[in-house]
Amino acid sequence: MNFKEKLFKAALKNRSWLCVGLDPDISKLPSNIVKTPSGIEEFLKVVIDTTKDLVCAYKPNSAFYEQFGIDGIALLKSIISFVPADIPVILDAKRGDIGNTSKMYAAAAFDYLGADAITVNPYMGFDSIWPFLDYKDKGVIILCLTSNLSSSDFQKRQVIDIDNRQIPLYQVIARTALAWNKNDNVGLVVGATKPEELGELRKLVGDGIPILIPGVGAQGGDLEMSLKNGSNKDGQLAIINVSRSVLYASKESDYAAKSRENALALVSIMRSLLF
Ligand code: OMP
């Protein structure tokens, strides 16, 4: 089963387009959790167990694991394999390098870690992305318009596309991503903090491309607007990522119940609008 099929299956089974971000931060952990990689492992496994019927995917961000060195990589691998087999894991690593190097990044993400999809940075162009696209069953989610304030430094600059049209750079990326979608395994990242552009981008790429939408919760993005503007005509494929506001719902030992409560509040809105 490829990434998109697995994503659809999980979303329809759980009636949810929520992706919980698994970004462990020692300073935010509940007080009863031991502040070591094995303490974090226990914490993340509890959160997965308590939310696995509420999500369409999980998204561990590699940086939060790399900070612990070799133990962090082991933790990342263990967390990915702990996620139930019918729920896709998006490795958030924003990779991209010369082709020869991207090939190694792809092998690390897909063959070693066992991720179902990865986020990639398109700045270096097609030969930096094809080693990922070449894994036909894996999702390749391309940064298009990111949620951060400084995204406009480059992404909103007006540029001339190959057909001589003057458009913002993020639209060039979206149009190019469509051209790269020969294996039907391309997705885009568009921040929830950019709702107007999100709607414009959904129209531009059509109904078949998953859009990963981070920025709801801690970054202030609006859930309903993200669903309305990011979903396709059937109310699908807007993957709403929420990390901190689900993971760190409580500093106390009731964190599992509180994480579930926060995830369920988001999913209830999704269910009332989309399912
Ligand atoms: P919270 O703000 O805690 O919900 O986390 C958001 C997660 O999404 C983090 O792992 C970010 O690195 C990631 N992210 C963004 O916040 N903005 C983007 O534009 C892209 C991503 C991403 O690629 O997932």
Side-chain angles (χ1 to χ4, degrees), residues 3 7 17-29 40 43-44 47 51 54-67 72 75-76 79-80 88-96 105 109 115-123 129 132 139-156 168-170 173-174 177 186-198 201 209-223 226-227 229-230 238-251 255 258-259 262-263 265-267:
F3 167 68
L7 177 71
W17 287 98
L18 176 67
C19 169
V20 169
L22 302 172
D23 298 352
D25 177 344
I26 278 192
S27 69
K28 296 189 171 63
L29 287 175
I40 291 170
F43 166 73
L44 291 174
V47 172
T51 55
L54 298 177
V55 301
C56 68
Y58 287 102
K59 184 179 75 71
N61 182 307
S62 187
F64 290 84
Y65 298 81
E66 289 171 30
Q67 66 170 324
L75 172 64
L76 178 57
I79 290 303
I80 290 175
V89 174
I90 301 167
L91 177 67
D92 184 7
K94 301 180 178 67
R95 299 297 194 214
Y105 275 141
D116 298 290
I118 187 169
T119 56
V120 297
N121 185 333
Y123 191 69
I129 303 299
F132 301 98
V140 182
I141 307 183
I142 298 172
L143 295 181
C144 179
L145 182 60
T146 55
S147 63
N148 55 318
L149 259 184
S150 304
S151 62
S152 45
D153 284 354
F154 300 121
Q155 296 164 22
K156 288 197 175 175
L169 180 57
Y170 70 82
I173 292 167
V186 161
L188 290 181
V189 177
V190 182
T193 51
K194 312 277 162 28
E196 276 171 35
E197 294 88 345
L198 175 61
L201 284 162
I209 301 261
I211 304 185
L212 174 65
I213 307 169
V216 169
Q219 298 179 52
D222 182 75
L223 174 64
S226 299
L227 290 170
N229 292 2
I239 307 168
I240 305 291
N241 181 84
V242 178
S243 304
R244 282 167 289 181
S245 29
V246 168
L247 268 191
Y248 306 113
S250 167
K251 271 273 194 188
Y255 69 89
K258 293 289 184 200
S259 285
N262 284 10
L266 297 164
V267 171

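Order of listing sets the numbers, starting from 1, for every ligand and every atom in it.
- Side chain of Thr119 to backbone of Ala93: a donor-acceptor contact under 3.5 angstrom is found.
- Summarising the geometry, atom CZ belonging to Arg95 is positioned 6.5 Å from atom CD1 belonging to Ile118; distances are rounded to the nearest 0.5 Å.
- Listed by atom number, the atoms of ligand 1 under 4.0 Å from Val189 heavy atoms are 20 (C).
- Nearest-heavy-atom check against atom 11 (C) of ligand 1 across Leu143, Ile90, Asn61 picks out Asn61.
- Under 3.5 Å, the side chains of Asn148 and Thr146 contain a donor-acceptor pair of N or O atoms.
- Taking atom 23 (O) of ligand 1 as the reference point, the nearest protein heavy-atom neighbour is Lys94 NZ, 3.0 Å.
- Side chains of Thr193 and Gln219: no donor on one and acceptor on the other come within 3.5 Å.
- The parts of Thr146 lying near ligand 1 are both backbone and side chain, judged by heavy-atom distances below 4.0 Å.
- Ligand 1 has a nitrogen or oxygen under 3.5 angstrom from a nitrogen or oxygen of Lys59.
- Listed by number with element, the atoms of ligand 1 under 4.0 Å from a non-hydrogen atom of Asn241 are 6 (C), 7 (C), 8 (O).
- Every atom of ligand 1 is numbered from 1 in the order shown, and the set under 4.0 Å from a heavy atom of Arg244 is 1 (P), 2 (O), 3 (O), 4 (O).
- In this structure, the separation between CG on Leu76 and CD1 on Ile40 is 12.0 Å, given to the nearest 0.5 Å.
- Judged by distance alone, the side chain of Asp23 and the main-chain N or O of Asn61 form a donor-acceptor pair under 3.5 Å.
- Between Ser147 and ligand 1, an N or O atom pair is found at a separation short of 3.5 Å.
- Taking the six-membered ring where the residue is Trp, Tyr248 and Phe43 present parallel rings, their angle staying beneath 30° rather than reaching 60°.
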- [ ] Test Ser151 against Lys194 for side chain to side chain donor-acceptor pair (under 3.5 Å), laying out the working first.
- [x] CA-CA 10 Å; Ser151 62; Lys194 312 277 162 28; 2.9 Å; yes
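- Among all protein heavy atoms, the one lying closest to atom 16 (O) of ligand 1 is Gln219 NE2, 2.8 Å.
- Contacts between Ser243 and ligand 1 below 4.0 angstrom, taking non-hydrogen atoms only, involve backbone and side chain alike.
- Ligand 1 places these atoms under 4.0 Å from at least one heavy atom of Asp23: 7 (C), 9 (C), 10 (O).
- For atom 20 (C) of ligand 1, the nearest protein heavy atom (residue, atom name, distance) is Pro214 CG, 3.4 Å.
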